[in-house]
Amino acid sequence: MTSGGSASDASTPKVRVRFAPSPTGYLHVGGARTALYNWLFARHENGVFILRIEDTDPERSTDESVAGILEAMRWLGLDWDEGPEVGGAFGPYRQAERLDLYREHARRLLDGGKAYYCVCTAEELEARRKAALAAGLSLKYDGRCRGRGSCPSAPPGGAVRLQMQGEGVVEIADLVHGPIRFEDAELDDFILLRSDGMPTYNFAVVVDDVLMRITHVIRGDDHISNTPRQIKLYEALGLPVPRFAHIPMIFGPDRSRLSKRHGAMGVMAYQQMGYLPEAMVNYLARLGWSHGDQEIFTQEELIGHFTLEKVGRTPAVFDPVKLEWLNGQYIKRAVPDRLAALLKPFWEASGMSREGLERRGDAWLQAVAGLFQERARTLSELASSSQFVFEGKIERDEAAVHKILTQEAKDRLRTLLQEIETLPSFTAAALESLFRTRAAALGLKLVDVAQPFRVALSGKTVSPPIFPMMELMGWNLVRRRVEEALKEDG
RNA sequence: GUCCCCAUCGUCUAGUCCGGCCCAGGACGCGGCCCUUUCAAGGCCGAAACACGGGUUCGAAUCCCGUUGGGGACGCCA
């Protein structure tokens with residue numbers, strides 16, 4: 001709430017939301033956006049944001065994935081407010097640590113006659129499903145174990161299924177889609193507890209959302225069809241149903257669900273490619289949500305403006321090009337000292353030694369960052385394009401050398417170099433005035449003397465303005481580069 | 001097959017709830033021009049969309065029905 005809001009007065013319970021990823025891989029952009037929307041909603045409403053790891057499938061869950069998800073959440077700045085304490089901070093909730101809770105609730109359902117044991121094997125079920133599909137029939141479970149009762153001791157256990165009543169309709173009052181209705185008859189007796197005692201997704205989610213007093217379930221709309229089942233579960237448990245907001249999915253360029261084949265979809269891959277977290281957050285926020293025509297938002301603005309009503313109903317295609325533009329905008333606005341700090345690993349990756357960077361000092365590195373930040377869209381692009389201002393060999397673009405470093409241009413380089421030597425101070429201002437006078441004396445435009453210098457210094461036809469650049473490089477490096485250039489075959 | 005969701009420029013979207021202000025606005029990308037020391041950045045200009053068909057209405061991008069297209073779900077995965 002902004003100011004004077006009433007979202008959390010005594011009569012309305014405080015908003016509590018959660019992001020509940022399964023640790024089966026890295027945090028991909030779709031998951032990141034779901035997390036972000038939950039987080040923004042919580043922060044906007046002054047509520048609580050919970051992170052819960054859905055690791056009830058030991059086959060697919062890994063600790064590396066958990067670590068990766070946490071790392072990505074932290075990178076994006078999505079902090080959570082509750083959880084078991086781990087070293088003075090909140091860790092995420094993990095469903096694998098809460099198994100007793102699910103079993104306890106299953107027991108209640110069993111005892112109340114709302115659930116029953118099913119002894120059909122996975123193979124039988126699969127075979128029946130296949131047959132039904134071939135025959136064009138419903139794929140629903142037929143409920144043949146219904147009469148078996150709820151006592152596991154009589155016949156040996158099996159899986160626990162929820163018994164559906166199946167007469168009316170379930171309606172989801174979805175906060176983004178509006179009302180969505182399902183016939184009870186569509187629902188089958190789904191499994192709550194597997195025969196190994198592990199809860200299934202639908203069951204664990206409901207138990208945890210109840211226990212964690214979740215008020216709003218904000219998740220991808222690929223979960224819409226799970227929702228009526230979950231509502232049935234709340235009803236069977238005799239517990240209040242939270243509000244739902246199903247946000248549209250993010251698609252790849254082919255308009256199908258985003259996946260590995262669409263390229264680097266892990267959020268941390270973008271960090272490695274030189275993206276700023278605020279650019280990613282801004283892009284993700286704006287993908288499926290809007291606030292008028294505004295494109296660039298500070299975190300405070302995002303929190304202040306974010307409402308579920310403004311979330312669109314249309315699936316969105318992930319556009320890396322626009323993300324890159326946004327990243328460029330953020331790089332351009334970043335303060336040089338932060339930029340320089342972020343840049344260090346990227347400079348190292350493009351060949352600079354750590355010691356070399358140390359030697360240069362932060363002030364100098366910041367000046368470099370400041371000089372290049374307006375013309376880079378990623379940190380790695382900035383790092384590699386600024387490589388030549390450091391000591392060391394550079395590669396020269398042959399075409400540029402051939403075109404710009406003509407015999408005539410070299411002659412000019414030579415005389416200019418001699419004149420620079422006589423300059424009282426090696427500063428951008430002094431250099432500029434020297435170059436301008438020389439150019440005028442020769443009846444040339446500044447570009448005609450600047451461009452050969454640019455190629456001599458950088459090996460390329462593209463660089464920041466050469467005078468501040470030369471000052472930064474220093475006279476020794478400038479002279480060395482020009483002398484090397486003079487030896488190049490034009 | 002059954003159920004569900006969605007439908008404005010290539011893409012993200014404003015406008016849709018409470019029809020007229022919309023021969024549809026912004027942004028990315030694209031093309032052009034300006035600025036300029038190259039490249040960016042910035043500024044200006046341009047091409048580019050209401051899926052289709054029926055209604056309702058004086059009037060529809062906006063409301064209703066249908067069609068088509070796309071997507072999702074139907075698991076002892078989440």
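We name chains A, B, ... by the order of the sequence lines, and we start the count at 1 in each one. Values below: every heavy atom of this structure, side chains too, minus hydrogens, waters and symmetry copies.
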Exercise for review: Just call it for A:P228: base, sugar-phosphate, or nothing, with non-hydrogen atoms closer than 4.0 Å on any strand.
Suggested key: nothing
Check your understanding: Which nucleotide, in any strand shown, forms a Watson-Crick or G-U wobble pair with B:A49, with both distances under 3.5 Å?
Key -> none
Practice item. Can you sort out the partners of A:E171 under side-chain contact (heavy atoms from CB on, under 4.5 Å), two or more places apart, ordered by chain and number? Key: A:P179, A:R181
Point to revise | Paired nucleotide for B:C63 [Watson-Crick or G-U wobble; both distances under 3.5 Å] | key: B:G55
Exercise for review: Fit a plane to each ring of A:H291 and A:H305, take the angle between them on a 0 to 90° scale, and name the class: parallel (under 30°), tilted (30 to 60°) or perpendicular (over 60°).
Suggested key: parallel
Practice item. Would you indicate what A:L287 reaches in the nucleic acid, counting non-hydrogen atoms under 4.0 angstrom: base, sugar-phosphate, or nothing? Key: sugar-phosphate
Exercise for review: Counting Watson-Crick and G-U wobble pairs only, both distances under 3.5 Å, name the nucleotide matched with B:C35, or none.
Suggested key: none
**Study point:** Residues in ring pair (Phe, Tyr, Trp, His ring centres under 6.0 Å) contact with A:F203, at least two apart in sequence or another chain
**Key:** none
Review point. What does A:P315 touch in the nucleic acid at a heavy-atom separation under 4.0 angstrom: a base, only the sugar-phosphate, or nothing?
Key: sugar-phosphate
Check your understanding: With a 4.0 Å cut-off on heavy atoms, is A:G312 in touch with a base, just the backbone sugar-phosphate, or nothing at all?
Key -> nothing
Practice item. Please identify each residue that fulfils salt bridge (charged side-chain N to carboxylate O under 4.0 Å, His left out) with A:E54, with sequence neighbours left out. Key: A:R52
Exercise for review: Please say whether the positively charged group of A:R33, taken as NZ for Lys or CZ for Arg, lies over the ring of A:Y37, i.e. under 6.0 angstrom from the six-membered ring centre and within 45 degrees of the axis.
Suggested key: yes
**Study point:** Watson-Crick or G-U wobble partner of B:G75, both distances under 3.5 Å
**Key:** none
Exercise for review: Report which part of the nucleic acid A:E54 touches: base, sugar-phosphate, or nothing (heavy-atom distance under 4.0 Å, all strands).
Suggested key: sugar-phosphate
Review point. For A:D188, which contact category applies under a 4.0 Å heavy-atom criterion: base, sugar-phosphate, or nothing?
Key: nothing
Exercise for review: Name the pairing partner of B:G19, where a pair is Watson-Crick or G-U wobble with both distances under 3.5 Å, or state none.
Suggested key: none
Review point. Partners of A:E186 by side chain to side chain donor-acceptor pair (under 3.5 Å), sequence neighbours excluded?
Key: none
Exercise for review: Anything under 4.0 Å to a heavy atom of chain A counts; send over the first and last such nucleotide of RNA chain B, read 5' to 3'.
Suggested key: B:G1 to B:A78
Check your understanding: Whom does B:A7 pair with, Watson-Crick or G-U wobble, provided both distances fall under 3.5 Å?
Key -> B:U68
Practice item. For A:R98, enumerate each residue passing the side chain to side chain donor-acceptor pair (under 3.5 Å) test, keeping only those at least two apart in sequence or located in another chain. Key: A:D208
